[in-house]
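The structure under discussion appears below in the form of structure tokens.
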Amino acid sequence: MTNSNDRSRWNWLLAIPVAVPLATFLFNFDGPRWGGFPLFYWLQLAFIGLVVAVTTLVYRLSKRER
């Protein structure tokens with residue numbers, strides 16, 4: 001049986017994708033519009049990319065630490 005330790009200091013980076021969408025001042029306006037869609041929708045798609053990037057980064061840094 002292996003003893004895995006999930007308490008890596010890099011896990012704190014996972015707070016970034018949680019905190020950024022909560023910063024409503026980033027998208028508390030209607031313009032600009034791209035392709036007829038307000039900026040809000042484009043930012044939601046960008047947040048998905050942010051989550052993937054940060055999760056991948058934390059995974060690789062945690063794996064290297066072991």
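Quick caveat: nothing in here was measured; it's all calculated off a predicted structure. Note: hydrogens, waters and symmetry copies are ignored here, and every other heavy atom, side chains too, is used. In what follows, residues are counted from 1 in the order of the sequence shown.
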How far apart are the closest heavy atoms of Phe27 and Pro21, and which atoms are they?
CZ-O, 3.3 Å
Arg60 atom CZ, over 12 foreign heavy atoms within 6.0 Å:
no
What about Trp10 and Leu14, same hydrophobic cluster or not, with Ile/Leu/Val/Met/Phe/Trp/Tyr joined at side-chain heavy-atom distances under 4.5 Å?
yes
Please give me the minimum heavy-atom distance between Asn11 and Ser62, naming the atom from each residue.
OD1-OG, 4.0 Å
Less than 3.5 Å apart, which donor and acceptor atoms pair up between the side chains of residues 42-49 and the rest of the protein, not counting sequence neighbours?
from  : atom 1 : to    : atom 2 : distance (Å)
Trp42 : NE1    : Trp34 : O      : 2.9

Residues which pass side chain to side chain contact (heavy atoms under 4.5 Å, CB included) with Ala23, listed by chain and number, not counting sequence neighbours:
Phe25, Leu26
Nearest 0.5 Å, what's the CZ-OG1 distance between Phe40 and Thr24?
10.5 Å
Which donor-acceptor pairs under 3.5 Å do side chains of residues 51-58 form with protein atoms, sequence neighbours excluded?
from  : atom 1 : to    : atom 2 : distance (Å)
Thr55 : OG1    : Val51 : O      : 2.7
Thr56 : OG1    : Val52 : O      : 2.8

